[in-house]
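For reference, the structure is listed below as structure tokens.
Heavy-atom basis, side chains included; hydrogens, waters and symmetry copies ignored.
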Amino acid sequence: MERKIKRQVRGFRTQDGAGVNLVRVLGHETMEEYDPILMLDSFDSTNPDDYTAGFPMHPHRGIETISYVYRGQMVHRDSLGNEDSISDGEVQWMTAGSGILHEEKLPASERMLGVQLWLNLPSKDKMTAPSYHSIKNDEIEEINLENGKLRLLAGQYKDSNGYMGRYLPLDYYDIHLDPNASISIDTDPDRLVMIFTLSGEVSVGGELVREKTAAKLTSGDKVELKSTEKNAQVLFISSEPLGEPIAWGGPIVMNTKAELQKAFTDLDQGTFLQKKMSYDN
């Protein structure tokens, strides 16, 4: 059965961090329907003043943050002194687990274009040891399509395998379609499947998805994406819904209010960093 569009969410402009202008697409109001994707922020600017303020040191617990910088650069630094950068087509995958402090700097570039996802962690893994991994361009397979290409950022596409997350399966594709082109993707009927139009527009089941819009798809074993008369760049995201309670406060996502309060108490008392972070790179 072919997947169609169940719900569309158009992003809105806001600020976060020290004054970074971004487009927030998914958040508190969508967390149950888009489970396990908690948040999706998009960055798209040719004005460095929109983003160079960056995200100063801040805490996370209970989630994974996955940043894809298609154009531009992001520099990561964490509370244990690790530092790394990704740029032009690379991915930063950070497992916050039991707790980490980190910062993200966004140096000036010709264009800053990318997305950050928050992927929820299962309750049994909320307090796992934090880790960091960057997925460089030489690890990302580019698969030629008849009328475009697919960049395998993570997971599996047909017989090709990319970086595999440890806690939830995540198929993450960056799909580029020429004008009036299409791609059909086989999907697991039990998984959440959503798309995000990073640039341009596509149609699914005859319904148009405009630029900077997330669309959750109905259940099915395949989906067809069709571009319009212009080029399109679409992010395809597939994972397993958790169906667990969510207690979300700022940068921390747990399962109960008591766990959330414990996290903030740990921050106040200086006991937030409970497990040694590994640097998986």
May I have the step-by-step check of salt bridge (charged side-chain N to carboxylate O under 4.0 Å, His left out) for Glu83 and Arg77, ending in yes or no? CA-CA 4 Å; Glu83 187 167 336; Arg77 187 172 69 89; 5.1 Å; no
Quick one, Arg61 with Met254, criterion side chain to side chain contact (heavy atoms under 4.5 Å, CB included). Give me CA distance, side-chain angles, the key distance, then yes/no. CA-CA 8 Å; Arg61 177 179 285 181; Met254 304 302 289; 3.8 Å; yes
Checking side chain to side chain contact (heavy atoms under 4.5 Å, CB included) for the pair Leu170/Ile237: CA distance, chi angles, key distance, verdict? CA-CA 7 Å; Leu170 181 72; Ile237 299 159; 3.8 Å; yes
Decide yes or no on side chain to side chain contact (heavy atoms under 4.5 Å, CB included) for Met39 and Leu117, but give the supporting numbers first. CA-CA 6 Å; Met39 193 178 79; Leu117 304 176; over 6 Å; no
Test Glu64 against Thr95 for side-chain hydrogen bond (donor to acceptor under 3.5 Å, both in side chains), laying out the working first. CA-CA 4 Å; Glu64 298 186 282; Thr95 302; 2.6 Å; yes
So Tyr173 and Ile183, side chain to side chain contact (heavy atoms under 4.5 Å, CB included) or not? Walk me through it. CA-CA 12 Å; Tyr173 313 150; Ile183 180 176; over 6 Å; no
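Panel note: side chain Glu146, backbone Ala181; no donor-acceptor pair is recorded below 3.5 Å. Using a distance-only test at 3.5 Å, with no hydrogens or angles considered, a donor-acceptor pair links the side chain of Thr52 to the main chain of Pro48. Panel note: side chain His176, backbone Gln233; no donor-acceptor pair is recorded below 3.5 Å. A distance-only check finds no donor-acceptor pair linking the side chain of Asp35 to the backbone of Pro241 [under 3.5 Å]. At least one donor-acceptor pair under 3.5 Å links the side chain of Glu244 to the backbone N or O of Ser123. When atom types are taken as modelled, the side chain of His58 and the backbone of Pro56 share a donor-acceptor pair closer than 3.5 angstrom. Side-chain atoms of Thr197 come within 3.5 Å of backbone N or O of Arg210 as a donor-acceptor pair. Side chain of Asp44 to backbone of Leu113: no donor-acceptor contact under 3.5 angstrom is found.
No continuous path of hydrophobic side-chain contacts links Leu121 to Met127 [ILVMFWY only; heavy atoms under 4.5 Å]. Linking ILVMFWY side-chain heavy atoms closer than 4.5 Å, directly or via other members, places Trp118 and Ile66 in two distinct hydrophobic clusters. In terms of hydrophobic clustering, with Ile, Leu, Val, Met, Phe, Trp and Tyr side chains grouped at heavy-atom distances under 4.5 Å, Phe55 and Met112 are assigned to a common cluster. Hydrophobic clustering (ILVMFWY, side-chain heavy atoms < 4.5 Å, transitive): Ile195 and Val9 are in distinct clusters. The hydrophobic cluster containing Ile5 does not contain Tyr34, counting ILVMFWY residues as joined when their side-chain heavy atoms lie under 4.5 angstrom apart, directly or transitively.
Rounding to the nearest 0.5 Å places CD of Gln92 at 6.0 Å from NE2 of His76. Atom CG of Leu192 sits about 11.0 Å away from atom CG of Asp171, to the nearest 0.5 Å. For the atom pair CG (Asp125) and OG (Ser98), the distance works out to 11.5 Å, reported to the nearest 0.5 Å. The line from NZ of Lys4 to CD of Glu224 is 10.0 Å long, rounded to the nearest 0.5 Å. Going from atom CD1 of Ile135 over to atom OG of Ser67 covers 10.5 Å, rounded to the nearest 0.5 Å. Once rounded to the nearest 0.5 Å, the distance linking CZ of Arg3 with CE of Met1 reads 8.5 Å.
For the residue pair Pro130 and Ile100, the shortest heavy atom distance occurs at CB-CB, 4.4 Å. The two residues Glu201 and Ala232 make their nearest non-hydrogen contact at O-CB, 3.6 Å. Closest of all the heavy-atom pairs between Gly99 and Leu273 is O-CD2, 3.5 Å. Heavy atoms only, all atoms of each residue included: Gly200 and Glu211 are closest at N-OE1, 2.7 Å. Heavy-atom minimum distance, Val193 versus Ser238: CG2-OG, 3.8 Å. Here the shortest heavy-atom pairing between Ser239 and Pro36 reads OG-CG, 3.6 Å.
The shortest side-chain heavy-atom distance between Leu119 and Ile37 falls under the 4.5 Å cut-off. By the 4.5 Å heavy-atom criterion applied to side chains, Val115 and Tyr172 are counted as neighbours. Side-chain atoms of Asn147 and Ser182, non-hydrogen and from C-beta on, never get closer than 4.5 Å to each other. Inter-residue side-chain proximity for Leu38 and Leu26 is flagged as unmet; no heavy-atom pair is nearer than 4.5 Å. No side-chain heavy atom of Glu139 sits less than 4.5 Å from a side-chain heavy atom of Glu90. Annotation: side chain of Val25 is not in contact with side chain of Thr30 (no heavy-atom distance under 4.5 Å). With contacts defined as side-chain heavy-atom distances shorter than 4.5 Å, the pair Val91/Tyr163 does not qualify. Lys105 is not listed as a side-chain neighbour of Met74, based on a closest heavy-atom distance of 4.5 Å or more.
More than 12 heavy atoms of other shown residues, nucleotides or ligands fall within 6.0 angstrom of atom CZ in Arg10. At most 12 heavy atoms of other shown residues, nucleotides or ligands fall within 6.0 angstrom of atom CD in Glu32. Annotation: Lys222, atom NZ; neighbour count of heavy atoms from other residues, nucleotides and ligands within 6.0 Å does not exceed 12. Other residues, nucleotides and ligands contribute over 12 non-hydrogen atoms within 6.0 Å of the NZ atom of Lys212.
Judged purely by distance below 3.5 Å, without hydrogens or angles, the side chains of Tyr132 and Asp84 pair a donor atom with an acceptor atom. Between Asp174 and Tyr68, the side chains place a donor N or O and an acceptor N or O closer than 3.5 Å (distance only, hydrogens not considered).
A salt bridge is absent between Glu259 and Lys126: the closest approach of a Lys/Arg side-chain nitrogen to an acidic carboxylate oxygen does not fall below 4.0 angstrom. The pair Arg24-Asp41 counts as a salt bridge, with a side-chain nitrogen and a carboxylate oxygen less than 4.0 angstrom apart.
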